[in-house]
*Asks:* 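Before I ask anything, let me first share the structure, which is written out below as structure tokens.
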Number of protein chains: 2
Amino acid sequence: MASSDSLPRHAHVASELRQRIIRRDYLIGESLPTESALCTEFGVSRGPVRQALATLKNEGLIRLSQGKPAVVRSHDATQTLDTFTPFTQWAQRNGRTAGSRTVEVARRRASEPAQVALDLAATDFVVDVLRVRLLDGEPAMIERSTFIDSVGSLLFDFDTDSGSMTDYLAGRGVYFDSMEHILDAVAASDVDAENLGIAAGSPLLRERRTSRDQNGRVFEYADDRYRPELVAFSIVNAKTIDPRM
Amino acid sequence: MASSDSLPRHAHVASELRQRIIRRDYLIGESLPTESALCTEFGVSRGPVRQALATLKNEGLIRLSQGKPAVVRSHDATQTLDTFTPFTQWAQRNGRTAGSRTVEVARRRASEPAQVALDLAATDFVVDVLRVRLLDGEPAMIERSTFIDSVGSLLFDFDTDSGSMTDYLAGRGVYFDSMEHILDAVAASDVDAENLGIAAGSPLLRERRTSRDQNGRVFEYADDRYRPELVAFSIVNAKTIDPRM
DNA sequence: CAGTGGTCTAGACCACAGT
DNA sequence: CTGTGGTCTAGACCACTGA
């Protein structure tokens with residue numbers, strides 16, 4: 001055993017088990033070691049072990065039930081709730097090639113939906129980024145991001161066609177801490193249709209997103225529209241429903 | 001204060017705090033009582049209190065940070081990761097009136113997508129339920145559910161226009177334990193359009209769902225199509241998820 | 001029945017917030 | 001600094017699983 005990271009023990013246990021599952025050390029339907037075995041192996045008490053198992057459960061990797069050890073539910077976290085990882089990382093995990101074609105990066109006054117989402121006044125400036133995102137070279141999504149001015153101004157030094165904007169911002173001290181997504185469907189506008197190479201009026205899966213940084217401040221509002229033939233969102237929720245309520 | 005249910009203490013704490021938040025006892029941005037205050041109030045140790053707070057965090061109701069008490073993030077328990085609530089319950093929580101108009105309940109051989117999702121042979125029988133779901137009397141969603149035969153046959157004794165199918169099945173020993181959702185967009189078919197009272201070709205938000213019972217067996221496959229003007233899905237996901245202790 | 005996970009307690013130490 | 005939440009331990013009891 002190496003690794004005496006600064007990671008909390010429960011995170012270390014979760015990370016190790018997650019790797020084993022992704023590496024297919026266990027088959028689907030197979031049981032993980034018992035909790036007490038994991039306690040022994042990692043030299044921790046039951047608390048951190050159970051916290052790690054809860055994490056993997058929330059990721060859709062395992063299923064928990066009383067009286068018997070955890071069971072592997074899926075090998076890849078990609079198809080599960082981690083769909084809400086940034087586009088570039090998501091594509092990489094799925095073995096696809098992600099690309100970007102930037103249409104514009106503009107500093108202007110906030111649009112009305114952005115004002116509401118970012119809690120800004122009509123006179124406040126924001127930075128709008130309009131990009132077409134490509135999967136294996138094919139247009140798969142059109143992304144309209146709006147950043148608050150202090151964050152958006154960082155983007156003028158960044159080649160929005162290369163690399164991950166998420167990683168770039170993280171390097172500048174802006175971390176995505178939590179996101180809220182609203183999913184619905186819209187008909188493709190003329191602009192959408194032209195940039196995605198589809199017919200106007202085609203159904204698109206829309207994700208409207210507000211992102212908060214580590215201090216809980218909203219700094220991004222985005223309207224992403226996906227071609228449903230190419231991208232779908234997958235969500236797993238493993239949870240026993242409470243009788244009451 | 002009533003309820004000394006057989007609910008676990010952490011569930012009781014979570015339920016009570018959830019009600020207070022929905023009831024707007026705390027404003028958005030306001031702090032909840034400290035953990036030790038909650039321990040005193042509910043007469044429990046920190047473990048259950050922290051587990052309850054983790055639940056509310058996963059539901060997107062509160063935000064946690066180190067060194068200061070939990071902060072209210074939202075008043076609405078919308079469709080979050082942990083609470084992908086059945087239609088009827090979701091409507092009730094949001095103060096809407098849910099209704100159903102059953103088009104057909106039929107026992108027949110499984111369609112191809114259902115065969116795949118339910119892991120059945122082409123010769124196996126299933127029970128299909130086609131319903132229009134109403135919100136405040138207006139058609140909001142068209143639901144095509146397919147149940148494995150053993151579960152579906154229970155439904156012939158059930159008035160699918162009244163009450164909650166989820167509750168009914170739970171009463172017969174079939175519990176929804178985990179679900180997987182795939183979200184995308186489709187153009188309304190002629191059948192969709194007619195039943196929802198919209199134009200054919202209109203964009204609809206589609207949710208394809210496979211549900212497992214408490215033994216991990218898939219027993220339902222559903223294709224639900226929502227009118228995006230009336231219903232959208234809201235999902236909150238935060239960086240670190242950490243129940244337990 | 002023995003073993004397992006689900007829950008809970010009563011302590012403890014650390015990192016961080018606000019004063 | 002004090003108080004807060006984040007983490008951890010070492011016990012314990014109960015409900016369920018499976019031989």
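Just so we're clear, the structure is a prediction, and the values are computed from it rather than from any experiment. Here is how names work: the chains are called A, B, and so on, in the same order as the sequence lines, proteins then strands, and each is numbered from 1.
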*Asks:* Between atom CG in A:Leu38 and atom C1' in C:dG6, what is the gap in whole Å?
*Replies:*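 From A:Leu38 CG to C:dG6 C1': 16 Å.
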*Asks:* B:Phe42 CZ to C:dC8 P: how many Å, rounded?
*Replies:*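 So the CZ-P distance, B:Phe42 to C:dC8, works out to 13 Å.
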*Asks:* Categorize B:Thr34 for me: base, sugar-phosphate, or nothing, with a 4.0 angstrom heavy-atom threshold over every strand shown.
*Replies:*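 Counting heavy atoms under 4.0 Å across all strands, the contact made by B:Thr34 is with sugar-phosphate only.
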*Asks:* Give none if D:dT17 has no partner; otherwise give the nucleotide forming a Watson-Crick or G-U wobble pair with it, both distances under 3.5 Å.
*Replies:*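 With both distances under 3.5 Å, D:dT17 matches C:dA2.
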*Asks:* If the threshold is 4.0 Å, N to carboxylate O, is there a salt bridge linking A:Arg209 and A:Glu220?
*Replies:*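 Yes.
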*Asks:* Relative to the 5' end of DNA chain D, which residue comes earlier, B:Pro69 or A:Gly67, by the nucleotide with the nearest heavy atom?
*Replies:*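 Counting from the 5' end, the first nearest nucleotide belongs to B:Pro69.
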*Asks:* Using only side-chain N and O atoms of A:Lys68, determine if any of them is under 4.0 Å from OP1 or OP2 of D:dG18.
*Replies:*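 Checking D:dG18 against A:Lys68, a side-chain N or O does come within under 4.0 Å of OP1 or OP2.
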*Asks:* Between C1' on C:dG6 and CD1 on A:Ile62, what's the gap in Å once rounded to a whole number?
*Replies:*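 Rounded to the whole Å, the gap is 14 Å.
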*Asks:* Can a salt bridge be assigned to the pair A:Glu41 and A:Arg20 using a cut-off of 4.0 Å between side-chain N and carboxylate O?
*Replies:*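 A:Arg20 and A:Glu41: salt-bridged.
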*Asks:* Among the nucleotides C:dT9, D:dG5, D:dC8, which one has an atom lying closest to any side-chain atom of B:Arg50?
*Replies:*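 Taking heavy atoms from C-beta onward, the closest nucleotide is D:dG5.
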*Asks:* Which of the following nucleotides, D:dG6, C:dA10, C:dT7, is nearest to the side chain of A:Arg46?
*Replies:*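 It is C:dT7.
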*Asks:* Contact class for A:Glu35 vs. all strands (heavy atom < 4.0 Å): base, sugar-phosphate, or nothing?
*Replies:*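 Sugar-phosphate, backbone atoms only, no base.
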*Asks:* So does A:Leu61 get a backbone contact from the side chain of A:Arg73, meaning a donor-acceptor N/O pair under 3.5 Å?
*Replies:*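 Looks like no, no N/O pair under 3.5 Å.
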*Asks:* When you get a sec, tell me which of D:dG6, D:dG18, D:dT9 is the closest nucleotide to the side chain of A:Val44?
*Replies:*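 For the A:Val44 side chain, the nearest candidate turns out to be D:dT9.
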*Asks:* Can you tell me how the ring of B:Phe87 sits relative to the ring of B:Tyr226, calling it parallel under 30°, perpendicular over 60° and tilted otherwise?
*Replies:*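 Aromatic pair B:Phe87/B:Tyr226 classed tilted.
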*Asks:* Taking only side-chain N and O atoms of B:Gln51, does any of them lie within less than 4.0 angstrom of OP1 or OP2 on C:dT7?
*Replies:*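 Yes, because at least one side-chain N or O of B:Gln51 sits under 4.0 Å from OP1 or OP2 of C:dT7.
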*Asks:* If I take atom CD in residue B:Gln66 and atom C1' in nucleotide C:dC16, what distance separates them, rounded to the nearest angstrom?
*Replies:*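 After rounding, the reported distance stands at 5 Å.
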*Asks:* D:dA15 C1' sits how many Å from B:Leu7 CG, rounded?
*Replies:*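 After rounding, the reported distance stands at 15 Å.
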*Asks:* With respect to the side chain of B:Ser36, which nucleotide from C:dA10, C:dT7, D:dT4 is positioned closest?
*Replies:*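 Among the listed nucleotides, the one closest to the side chain of B:Ser36 is D:dT4.
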*Asks:* Quick test of your reading of the model: are A:Asp223 and A:Arg208 salt-bridged, counting only N-O distances below 4.0 Å?
*Replies:*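 Looking at A:Arg208 together with A:Asp223, the answer is no, because their closest N to O distance does not fall below 4.0 Å.
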*Asks:* For A:Leu53 and C:dT7, what is the distance between atoms CG and P respectively, to the nearest whole Å?
*Replies:*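 For the pair A:Leu53 CG and C:dT7 P, the rounded distance is 13 Å.
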*Asks:* What's the CG-C1' distance between A:Leu64 and C:dT7, to the nearest Å?
*Replies:*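 In whole Å, C:dT7 C1' lies 14 Å from A:Leu64 CG.
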*Asks:* I need the NE2-P distance between B:His10 and C:dT9, as an integer number of Å.
*Replies:*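 In whole Å, C:dT9 P lies 11 Å from B:His10 NE2.
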*Asks:* Looking at D:dT9, C:dC8, D:dG6, which one has an atom nearest to any side-chain atom of B:Pro8?
*Replies:*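 So the side chain of B:Pro8 is nearest to C:dC8.
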